[in-house]
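Here is the structure we will look at.
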Amino acid sequence: MTLNPAPNSFRTGPDERGRFGIFGGRFVAETLMPLILDLEKAYADAKADPSFKADMESYGTHYIGRPSPLYYAERLTEHLRAQAPAGQGAKIFFKREELNHTGSHKVNNVLGQILLARRMGKPRIIAETGAGQHGVATATLCARFGLKCVVYMGAVDVERQAPNVFRMKMLGAEVIPVQSGTRTLKDAMNEALRDWVTNVSDTFYCIGTVAGPHPYPAMVRDFQSVIGIETKQQMLEMEGRLPDSLIACIGGGSNAMGLFHPFLDDRDVEIYGVEAAGHGVQSGLHAASLTGGRPGVLHGNRTYLLMNEDGQIADAHSISAGLDYPGIGPEHAWLHEMGRVTYLSATDAETLEAFKLCSMLEGIIPALEPAHALSKVMELAPTKPAEHLMVLNLSGRGDKDIPQVAQIFGQTL
Ligand SMILES: *Cc1c(COP(=O)(O)O)cnc(C)c1O
(Lines give C-alpha, C1' and ligand atoms only; values in the text may rest on other atoms or scores of the structure.)
Protein backbone atom coordinates (compact mmCIF):
# COMPACT_ATOMS: atom_id res chain seq x y z
CA MET A 1 0.00 0.00 0.00
CA THR A 2 1.57 3.30 -1.07
CA LEU A 3 -0.45 6.25 0.21
CA ASN A 4 2.24 8.86 -0.18
CA PRO A 5 4.78 9.80 -2.84
CA ALA A 6 8.18 8.31 -1.96
CA PRO A 7 10.33 10.86 -0.09
CA ASN A 8 13.92 11.62 -1.17
CA SER A 9 15.13 9.75 1.87
CA PHE A 10 13.49 7.32 4.26
CA ARG A 11 16.19 7.99 6.86
CA THR A 12 15.58 11.63 7.80
CA GLY A 13 12.85 11.12 10.40
CA PRO A 14 11.67 12.04 12.92
CA ASP A 15 11.06 15.80 12.62
CA GLU A 16 11.82 18.12 15.55
CA ARG A 17 8.50 17.21 17.22
CA GLY A 18 9.33 13.55 16.98
CA ARG A 19 6.89 12.83 14.14
CA PHE A 20 7.27 10.23 11.40
CA GLY A 21 4.55 11.58 9.13
CA ILE A 22 1.42 11.49 11.31
CA PHE A 23 2.96 8.91 13.68
CA GLY A 24 5.14 9.29 16.77
CA GLY A 25 5.23 12.56 18.71
CA ARG A 26 5.09 12.95 22.47
CA PHE A 27 1.64 12.68 24.01
CA VAL A 28 2.63 12.89 27.66
CA ALA A 29 1.43 14.53 30.86
CA GLU A 30 2.71 18.05 31.44
CA THR A 31 4.71 16.84 34.43
CA LEU A 32 6.68 14.44 32.23
CA MET A 33 7.59 17.04 29.62
CA PRO A 34 10.66 18.56 31.39
CA LEU A 35 12.12 15.06 31.78
CA ILE A 36 11.58 14.25 28.13
CA LEU A 37 13.20 17.52 27.06
CA ASP A 38 16.19 16.87 29.38
CA LEU A 39 16.61 13.45 27.88
CA GLU A 40 16.38 14.78 24.33
CA LYS A 41 19.09 17.33 25.02
CA ALA A 42 21.36 14.83 26.81
CA TYR A 43 21.04 12.40 23.91
CA ALA A 44 21.83 15.10 21.33
CA ASP A 45 24.95 16.05 23.33
CA ALA A 46 26.04 12.42 23.65
CA LYS A 47 25.57 11.82 19.92
CA ALA A 48 27.92 14.69 19.16
CA ASP A 49 30.54 13.53 21.69
CA PRO A 50 33.25 11.20 20.30
CA SER A 51 33.91 9.80 23.79
CA PHE A 52 30.31 8.49 23.96
CA LYS A 53 30.77 6.68 20.67
CA ALA A 54 34.13 5.32 21.84
CA ASP A 55 32.52 3.97 25.05
CA MET A 56 29.70 2.35 23.03
CA GLU A 57 32.27 0.62 20.83
CA SER A 58 34.55 -0.43 23.65
CA TYR A 59 31.81 -1.98 25.82
CA GLY A 60 30.14 -3.27 22.68
CA THR A 61 33.27 -5.23 21.83
CA HIS A 62 34.48 -6.38 25.23
CA TYR A 63 31.26 -6.75 27.20
CA ILE A 64 28.55 -7.58 24.63
CA GLY A 65 30.75 -9.45 22.16
CA ARG A 66 30.20 -7.37 19.03
CA PRO A 67 30.36 -7.59 16.10
CA SER A 68 27.93 -10.50 15.90
CA PRO A 69 28.68 -12.84 12.98
CA LEU A 70 26.81 -12.84 9.68
CA TYR A 71 26.44 -16.57 9.10
CA TYR A 72 25.59 -18.46 5.90
CA ALA A 73 22.82 -20.93 6.84
CA GLU A 74 23.90 -23.54 4.32
CA ARG A 75 21.74 -26.50 5.30
CA LEU A 76 18.59 -24.41 5.62
CA THR A 77 19.35 -22.89 2.20
CA GLU A 78 19.79 -26.35 0.65
CA HIS A 79 16.70 -27.72 2.38
CA LEU A 80 14.52 -24.93 0.95
CA ARG A 81 16.16 -25.14 -2.50
CA ALA A 82 15.19 -28.82 -2.64
CA GLN A 83 11.52 -27.69 -2.41
CA ALA A 84 11.90 -24.84 -4.92
CA PRO A 85 11.62 -24.92 -8.74
CA ALA A 86 14.99 -25.43 -10.50
CA GLY A 87 17.31 -22.41 -10.21
CA GLN A 88 15.35 -20.98 -7.30
CA GLY A 89 15.88 -20.75 -3.56
CA ALA A 90 17.54 -17.75 -1.95
CA LYS A 91 20.88 -17.95 -0.16
CA ILE A 92 20.02 -17.43 3.51
CA PHE A 93 22.15 -15.65 6.11
CA PHE A 94 21.57 -15.19 9.85
CA LYS A 95 22.67 -12.03 11.64
CA ARG A 96 23.51 -13.71 14.92
CA GLU A 97 22.28 -11.35 17.62
CA GLU A 98 21.52 -14.39 19.78
CA LEU A 99 25.27 -14.61 20.52
CA ASN A 100 25.30 -11.28 22.36
CA HIS A 101 25.80 -11.26 26.13
CA THR A 102 22.37 -11.95 27.74
CA GLY A 103 21.21 -13.74 24.58
CA SER A 104 19.42 -11.16 22.46
CA HIS A 105 19.68 -7.82 20.66
CA LYS A 106 18.09 -5.99 23.65
CA VAL A 107 21.49 -5.35 25.25
CA ASN A 108 22.63 -3.06 22.36
CA ASN A 109 19.99 -0.51 23.32
CA VAL A 110 20.39 -0.95 27.07
CA LEU A 111 24.13 -0.26 26.83
CA GLY A 112 23.41 3.04 25.06
CA GLN A 113 20.77 4.14 27.55
CA ILE A 114 22.82 3.16 30.61
CA LEU A 115 25.86 5.08 29.34
CA LEU A 116 23.51 8.02 28.80
CA ALA A 117 22.08 7.72 32.33
CA ARG A 118 25.64 7.83 33.69
CA ARG A 119 26.35 11.01 31.73
CA MET A 120 23.16 12.53 33.15
CA GLY A 121 24.17 11.55 36.69
CA LYS A 122 21.05 9.41 37.29
CA PRO A 123 21.76 6.67 39.86
CA ARG A 124 18.38 4.89 39.65
CA ILE A 125 17.22 3.01 36.54
CA ILE A 126 13.68 1.81 35.90
CA ALA A 127 12.51 -0.45 33.07
CA GLU A 128 9.41 -2.33 31.91
CA THR A 129 9.65 -5.91 30.74
CA GLY A 130 7.34 -8.51 29.20
CA ALA A 131 9.14 -11.81 28.68
CA GLY A 132 11.94 -10.51 30.85
CA GLN A 133 14.68 -10.17 28.20
CA HIS A 134 14.80 -6.38 28.42
CA GLY A 135 14.61 -6.58 32.22
CA VAL A 136 17.54 -9.02 32.31
CA ALA A 137 19.61 -6.86 29.93
CA THR A 138 18.89 -3.76 32.06
CA ALA A 139 19.64 -5.55 35.35
CA THR A 140 22.88 -6.79 33.81
CA LEU A 141 24.17 -3.36 32.78
CA CYS A 142 23.04 -1.88 36.11
CA ALA A 143 25.08 -4.53 37.93
CA ARG A 144 28.06 -3.75 35.71
CA PHE A 145 27.90 -0.02 36.46
CA GLY A 146 26.68 -0.18 40.08
CA LEU A 147 23.29 1.44 39.46
CA LYS A 148 20.05 0.76 41.32
CA CYS A 149 17.61 -1.15 39.07
CA VAL A 150 13.84 -1.44 39.39
CA VAL A 151 11.94 -3.53 36.82
CA TYR A 152 8.17 -3.35 36.35
CA MET A 153 6.64 -6.60 35.13
CA GLY A 154 2.99 -7.59 34.77
CA ALA A 155 1.99 -10.07 37.48
CA VAL A 156 0.90 -12.56 34.80
CA ASP A 157 4.34 -12.38 33.17
CA VAL A 158 6.09 -12.71 36.54
CA GLU A 159 4.43 -16.12 36.81
CA ARG A 160 4.94 -17.14 33.16
CA GLN A 161 8.61 -16.13 33.09
CA ALA A 162 9.89 -17.29 36.46
CA PRO A 163 13.50 -18.04 35.32
CA ASN A 164 14.00 -14.48 34.06
CA VAL A 165 12.55 -13.07 37.30
CA PHE A 166 15.13 -15.09 39.21
CA ARG A 167 17.90 -13.88 36.87
CA MET A 168 17.00 -10.25 37.46
CA LYS A 169 17.02 -10.78 41.22
CA MET A 170 20.40 -12.55 41.03
CA LEU A 171 21.70 -9.47 39.24
CA GLY A 172 20.54 -7.28 42.12
CA ALA A 173 17.40 -5.80 40.54
CA GLU A 174 14.10 -5.27 42.30
CA VAL A 175 11.20 -6.76 40.32
CA ILE A 176 7.81 -5.15 40.97
CA PRO A 177 4.79 -7.24 39.86
CA VAL A 178 2.14 -4.97 38.29
CA GLN A 179 -1.44 -5.83 39.30
CA SER A 180 -3.33 -3.27 37.17
CA GLY A 181 -5.15 -3.85 33.87
CA THR A 182 -4.40 -7.17 32.16
CA ARG A 183 -1.23 -7.43 34.30
CA THR A 184 1.03 -7.71 31.25
CA LEU A 185 3.57 -5.60 29.33
CA LYS A 186 1.41 -2.56 28.54
CA ASP A 187 0.48 -2.24 32.22
CA ALA A 188 4.13 -2.57 33.24
CA MET A 189 4.95 0.32 30.90
CA ASN A 190 2.15 2.47 32.38
CA GLU A 191 3.51 1.80 35.86
CA ALA A 192 7.09 2.65 34.84
CA LEU A 193 5.91 5.97 33.35
CA ARG A 194 4.13 6.70 36.65
CA ASP A 195 7.28 5.96 38.63
CA TRP A 196 9.26 8.28 36.34
CA VAL A 197 7.04 11.31 36.98
CA THR A 198 7.17 10.61 40.71
CA ASN A 199 10.95 10.31 40.91
CA VAL A 200 12.03 13.11 38.61
CA SER A 201 15.42 13.97 40.04
CA ASP A 202 17.31 10.68 40.29
CA THR A 203 15.62 8.29 37.84
CA PHE A 204 16.29 7.32 34.22
CA TYR A 205 13.62 5.33 32.34
CA CYS A 206 15.24 2.72 30.07
CA ILE A 207 12.60 1.74 27.45
CA GLY A 208 13.08 -1.61 25.74
CA THR A 209 11.86 -0.99 22.20
CA VAL A 210 11.29 1.72 19.55
CA ALA A 211 8.10 2.93 21.28
CA GLY A 212 7.23 5.58 23.87
CA PRO A 213 7.37 9.37 23.48
CA HIS A 214 10.03 11.11 21.37
CA PRO A 215 13.08 10.82 21.59
CA TYR A 216 12.81 7.11 22.54
CA PRO A 217 11.78 5.64 19.17
CA ALA A 218 14.65 7.38 17.34
CA MET A 219 17.17 6.88 20.14
CA VAL A 220 16.50 3.15 20.53
CA ARG A 221 16.64 2.76 16.74
CA ASP A 222 20.03 4.51 16.67
CA PHE A 223 21.43 2.22 19.38
CA GLN A 224 20.13 -0.86 17.51
CA SER A 225 21.37 0.33 14.11
CA VAL A 226 24.71 -1.30 14.85
CA ILE A 227 22.96 -4.47 13.59
CA GLY A 228 22.32 -3.09 10.11
CA ILE A 229 25.63 -1.23 9.87
CA GLU A 230 27.56 -4.43 10.60
CA THR A 231 25.36 -6.47 8.25
CA LYS A 232 26.12 -4.09 5.38
CA GLN A 233 29.88 -4.31 5.93
CA GLN A 234 29.84 -8.06 6.47
CA MET A 235 27.77 -8.77 3.35
CA LEU A 236 30.06 -6.56 1.25
CA GLU A 237 33.03 -8.55 2.56
CA MET A 238 31.40 -11.96 2.05
CA GLU A 239 29.52 -11.47 -1.22
CA GLY A 240 30.87 -8.19 -2.62
CA ARG A 241 27.43 -6.59 -2.71
CA LEU A 242 24.40 -5.65 -0.66
CA PRO A 243 21.77 -8.25 0.32
CA ASP A 244 18.61 -8.48 -1.80
CA SER A 245 16.26 -8.79 1.16
CA LEU A 246 16.09 -8.33 4.93
CA ILE A 247 13.62 -9.92 7.30
CA ALA A 248 13.00 -9.51 11.04
CA CYS A 249 10.30 -10.17 13.62
CA ILE A 250 8.38 -7.33 15.24
CA GLY A 251 7.19 -6.87 18.80
CA GLY A 252 7.67 -3.16 19.36
CA GLY A 253 10.04 -3.27 16.42
CA SER A 254 13.55 -2.53 17.73
CA ASN A 255 15.53 -5.44 16.31
CA ALA A 256 13.82 -4.86 12.96
CA MET A 257 14.48 -1.08 12.93
CA GLY A 258 18.10 -1.76 13.86
CA LEU A 259 18.58 -4.04 10.86
CA PHE A 260 16.42 -2.05 8.44
CA HIS A 261 17.38 1.57 9.06
CA PRO A 262 20.84 1.62 7.43
CA PHE A 263 19.27 0.04 4.30
CA LEU A 264 16.13 2.16 3.94
CA ASP A 265 17.59 4.25 1.11
CA ASP A 266 19.02 1.23 -0.73
CA ARG A 267 15.83 0.94 -2.71
CA ASP A 268 16.70 -2.36 -4.37
CA VAL A 269 16.79 -4.06 -0.98
CA GLU A 270 13.40 -5.66 -0.19
CA ILE A 271 12.48 -5.34 3.48
CA TYR A 272 10.03 -7.55 5.41
CA GLY A 273 8.77 -7.18 8.99
CA VAL A 274 6.93 -10.11 10.56
CA GLU A 275 4.28 -9.60 13.23
CA ALA A 276 2.85 -12.29 15.50
CA ALA A 277 -0.46 -13.63 14.16
CA GLY A 278 -1.08 -15.86 17.19
CA HIS A 279 -4.02 -18.16 16.40
CA GLY A 280 -4.53 -16.21 13.14
CA VAL A 281 -5.37 -12.54 12.51
CA GLN A 282 -9.03 -13.48 11.87
CA SER A 283 -9.31 -15.19 15.28
CA GLY A 284 -8.79 -11.93 17.18
CA LEU A 285 -6.11 -13.69 19.26
CA HIS A 286 -2.95 -12.10 17.85
CA ALA A 287 -0.39 -9.31 18.27
CA ALA A 288 -0.32 -8.01 14.68
CA SER A 289 -0.88 -4.26 15.19
CA LEU A 290 -0.27 -3.24 11.56
CA THR A 291 -2.07 -6.17 9.97
CA GLY A 292 -5.02 -6.19 12.39
CA GLY A 293 -5.03 -2.81 14.21
CA ARG A 294 -5.66 0.89 13.55
CA PRO A 295 -4.05 4.23 14.49
CA GLY A 296 -4.43 5.58 18.03
CA VAL A 297 -2.33 6.89 20.91
CA LEU A 298 -0.61 4.75 23.55
CA HIS A 299 2.46 5.25 25.76
CA GLY A 300 3.16 8.73 24.47
CA ASN A 301 3.04 8.20 20.70
CA ARG A 302 0.60 7.80 17.83
CA THR A 303 0.86 4.49 16.04
CA TYR A 304 -1.09 1.40 14.99
CA LEU A 305 -2.70 -0.32 17.97
CA LEU A 306 -4.93 -3.25 18.76
CA MET A 307 -8.21 -1.73 19.94
CA ASN A 308 -11.80 -2.73 20.54
CA GLU A 309 -14.75 -0.76 19.11
CA ASP A 310 -14.62 1.77 21.98
CA GLY A 311 -10.97 2.51 21.33
CA GLN A 312 -9.87 0.59 24.42
CA ILE A 313 -6.53 -1.18 24.01
CA ALA A 314 -7.18 -4.85 23.29
CA ASP A 315 -5.17 -7.76 24.61
CA ALA A 316 -2.37 -9.01 22.43
CA HIS A 317 -1.82 -12.74 22.07
CA SER A 318 1.29 -14.54 20.91
CA ILE A 319 3.06 -17.80 21.70
CA SER A 320 6.06 -15.57 22.26
CA ALA A 321 5.88 -13.25 25.27
CA GLY A 322 8.45 -10.96 23.59
CA LEU A 323 6.01 -10.10 20.76
CA ASP A 324 2.99 -9.76 23.03
CA TYR A 325 2.59 -5.96 22.72
CA PRO A 326 -0.63 -4.27 21.42
CA GLY A 327 1.31 -1.55 19.54
CA ILE A 328 4.26 -1.08 17.22
CA GLY A 329 6.97 1.58 16.98
CA PRO A 330 5.73 4.71 15.11
CA GLU A 331 8.49 4.56 12.49
CA HIS A 332 7.19 1.15 11.40
CA ALA A 333 3.66 2.60 11.12
CA TRP A 334 5.10 5.27 8.81
CA LEU A 335 7.21 2.84 6.74
CA HIS A 336 4.07 0.71 6.37
CA GLU A 337 2.03 3.64 5.04
CA MET A 338 4.89 4.75 2.76
CA GLY A 339 5.08 1.22 1.37
CA ARG A 340 8.85 0.98 1.95
CA VAL A 341 8.60 -2.09 4.22
CA THR A 342 6.26 -5.04 3.66
CA TYR A 343 4.64 -6.31 6.85
CA LEU A 344 3.63 -9.97 7.07
CA SER A 345 2.43 -12.06 9.98
CA ALA A 346 3.17 -15.58 11.22
CA THR A 347 0.95 -17.80 13.36
CA ASP A 348 2.00 -19.72 16.46
CA ALA A 349 1.85 -22.99 14.52
CA GLU A 350 4.04 -21.71 11.65
CA THR A 351 6.49 -20.41 14.23
CA LEU A 352 6.85 -23.77 15.98
CA GLU A 353 7.61 -25.47 12.63
CA ALA A 354 10.37 -22.94 11.93
CA PHE A 355 11.69 -23.33 15.49
CA LYS A 356 12.08 -27.08 14.96
CA LEU A 357 13.59 -26.77 11.49
CA CYS A 358 16.25 -24.26 12.52
CA SER A 359 17.25 -26.37 15.50
CA MET A 360 17.52 -29.58 13.45
CA LEU A 361 19.21 -28.14 10.35
CA GLU A 362 21.52 -25.48 11.73
CA GLY A 363 22.18 -26.53 15.31
CA ILE A 364 20.85 -23.20 16.47
CA ILE A 365 17.84 -23.10 18.80
CA PRO A 366 16.25 -19.73 18.01
CA ALA A 367 14.03 -17.71 20.33
CA LEU A 368 10.34 -17.99 19.43
CA GLU A 369 10.39 -14.31 18.36
CA PRO A 370 12.80 -14.67 15.39
CA ALA A 371 11.24 -18.07 14.63
CA HIS A 372 8.24 -16.00 13.42
CA ALA A 373 10.46 -14.31 10.84
CA LEU A 374 12.10 -17.61 9.98
CA SER A 375 8.72 -19.11 9.09
CA LYS A 376 8.33 -16.38 6.44
CA VAL A 377 11.88 -17.07 5.18
CA MET A 378 10.66 -20.62 4.57
CA GLU A 379 7.84 -19.20 2.42
CA LEU A 380 9.78 -16.46 0.62
CA ALA A 381 13.15 -18.10 -0.07
CA PRO A 382 11.82 -20.74 -2.52
CA THR A 383 10.15 -17.97 -4.60
CA LYS A 384 13.46 -16.11 -5.14
CA PRO A 385 16.24 -16.86 -7.61
CA ALA A 386 19.27 -18.79 -6.32
CA GLU A 387 21.52 -15.72 -6.41
CA HIS A 388 19.14 -13.79 -4.11
CA LEU A 389 20.85 -12.95 -0.78
CA MET A 390 18.41 -12.96 2.17
CA VAL A 391 19.30 -11.85 5.71
CA LEU A 392 17.27 -12.93 8.75
CA ASN A 393 17.84 -11.12 12.03
CA LEU A 394 18.27 -13.93 14.55
CA SER A 395 17.35 -11.63 17.43
CA GLY A 396 17.70 -14.06 20.32
CA ARG A 397 18.43 -17.59 21.47
CA GLY A 398 15.78 -20.08 22.45
CA ASP A 399 16.96 -21.25 25.87
CA LYS A 400 14.33 -19.13 27.60
CA ASP A 401 11.59 -20.83 25.53
CA ILE A 402 12.57 -24.45 26.16
CA PRO A 403 10.15 -25.11 29.08
CA GLN A 404 7.22 -23.64 27.10
CA VAL A 405 8.01 -25.49 23.87
CA ALA A 406 8.56 -28.75 25.75
CA GLN A 407 5.12 -28.36 27.29
CA ILE A 408 3.54 -27.68 23.88
CA PHE A 409 5.22 -30.75 22.41
CA GLY A 410 3.92 -32.71 25.42
CA GLN A 411 7.28 -33.51 26.95
CA THR A 412 8.42 -33.00 30.48
CA LEU A 413 11.96 -31.84 31.13
C1 LIG B 1 12.06 -8.52 22.93
C2 LIG B 1 12.43 -9.38 21.80
C3 LIG B 1 11.89 -9.16 20.51
C4 LIG B 1 10.82 -8.16 20.23
O5 LIG B 1 11.20 -6.84 20.44
P6 LIG B 1 11.50 -5.84 19.23
O7 LIG B 1 11.60 -4.53 19.89
O8 LIG B 1 10.42 -5.96 18.25
O9 LIG B 1 12.81 -6.27 18.65
C10 LIG B 1 12.35 -9.95 19.47
N11 LIG B 1 13.27 -10.92 19.66
C12 LIG B 1 13.80 -11.16 20.88
C13 LIG B 1 14.79 -12.25 21.02
C14 LIG B 1 13.40 -10.39 21.99
O15 LIG B 1 13.92 -10.67 23.20
Side-chain angles (χ1 to χ4, degrees), residues 68 94-110 113 127-138 140 151 153 157 161 163-164 167 184-186 188-189 206-212 216-217 219-228 246-261 272-276 287-290 299 303-304 316 318-333 335 341 343 345-346 351 354-355 358 364-374 392-402 404:
S68 70
F94 293 165
K95 179 60 174 162
R96 297 199 55 192
E97 291 297 301
E98 99 279 10
L99 293 176
N100 296 336
H101 182 39
T102 71
S104 81
H105 70 288
K106 294 271 181 6
V107 70
N108 302 323
N109 163 49
V110 172
Q113 291 197 51
E128 83 293 338
T129 200
Q133 292 300 101
H134 176 59
V136 167
T138 306
T140 298
V151 179
M153 189 169 188
D157 292 331
Q161 307 289 332
N164 272 344
R167 266 180 209 124
T184 57
L185 178 56
K186 80 167 166 27
M189 197 154 174
C206 181
I207 295 187
T209 189
V210 287
Y216 283 102
M219 180 172 74
V220 175
R221 171 200 75 197
D222 293 348
F223 291 145
Q224 291 292 0
S225 288
V226 65
I227 300 172
L246 307 173
I247 183 160
C249 66
I250 299 195
S254 68
N255 86 88
M257 272 322 305
L259 175 64
F260 299 170
H261 195 257
Y272 300 95
V274 182
E275 300 190 290
S289 323
L290 284 180
H299 297 143
T303 188
Y304 274 76
S318 169
I319 189 174
S320 141
L323 301 182
D324 214 339
Y325 181 65
I328 183 168
E331 194 166 8
H332 284 292
L335 289 167
V341 176
Y343 293 88
S345 63
T351 298
F355 179 93
C358 185
I364 298 171
I365 301 179
L368 285 170
E369 292 88 353
H372 284 74
L374 193 62
L392 165 86
N393 199 10
L394 199 66
S395 55
R397 62 173 188 238
D399 308 41
K400 68 176 175 60
D401 299 315
I402 293 300
Q404 187 189 356

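Please read all numbers here as calculations on a predicted model, not as lab measurements. Order of listing sets the numbers, starting from 1, for every ligand and every atom in it.
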For Q133 and N164, what are the C-alpha separation, side-chain angles and deciding distance, and is it a side-chain contact (heavy atoms from CB on, under 4.5 Å)? CA-CA 7 Å; Q133 292 300 101; N164 272 344; 3.0 Å; yes
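- Distances from ligand 1 to the non-hydrogen atoms of H105 include at least one value under 4.0 Å.
- Ligand-side atoms of ligand 1 in range of N255: 6 (P), 8 (O), 9 (O), 10 (C), range being under 4.0 angstrom from any heavy atom.
- For ligand 1, the atoms lying closer than 4.0 Å to a non-hydrogen atom of I250 are 8 (O).
- Residue G251 has at least one N or O atom closer than 3.5 Å to an N or O atom of ligand 1.
- One finds the NZ atom of K400 at 3.5 Å from the CD atom of E369 (value rounded to the nearest 0.5 Å).
- Judged purely by distance below 3.5 Å, without hydrogens or angles, the side chains of H299 and Y325 pair a donor atom with an acceptor atom.
- Q224 and N108 form a side-chain donor-acceptor contact under 3.5 Å, judged by distance and modelled atom types alone.
- Taking distance alone, with nitrogen or oxygen atoms compared against 3.5 Å, P370 stays at or beyond that limit from ligand 1.
- Distances between N or O atoms of G252 and those of ligand 1 include at least one value under 3.5 Å.
- A side chain to side chain donor-acceptor pair (under 3.5 Å) with S68 is found for one member of E97, H105, R96 and no other, namely E97.
- Against a heavy-atom cut-off of under 4.0 Å, Q133 is close to the following atoms of ligand 1: 15 (O).
- Nearest non-hydrogen protein atom to atom 12 (C) of ligand 1 is S395 OG, 3.5 Å.
- Here the protein heavy atom with the shortest distance to atom 4 (C) of ligand 1 is G322 O, 3.4 Å.
- In this comparison of K106, M257, Q224, E369, the heavy atom closest to atom 14 (C) of ligand 1 sits on K106.
- The atoms of ligand 1 that sit less than 4.0 Å from any heavy atom of S254 are 6 (P), 7 (O), 8 (O), 9 (O).
- Neither the backbone nor the side chain of H134 comes within contact range of ligand 1; no heavy atom lies under 4.0 Å.
- Environment of CD1 in I364: crowded, with over 12 heavy atoms of neighbouring residues, nucleotides or ligands closer than 6.0 Å.
- Ligand 1 has C249 within reach: a non-hydrogen atom of the residue lies less than 4.0 Å from it.
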Can you list the steps and then say if L368 with T351 is a side-chain contact (heavy atoms from CB on, under 4.5 Å)? CA-CA 7 Å; L368 285 170; T351 298; 4.2 Å; yes
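- When atom types are taken as modelled, the side chain of E275 and the backbone of S289 share a donor-acceptor pair closer than 3.5 angstrom.
- Listed by number with element, the atoms of ligand 1 under 4.0 Å from a non-hydrogen atom of G396 are 13 (C).
- The two residues S254 and V220 make their nearest non-hydrogen contact at CB-CG1, 4.0 Å.
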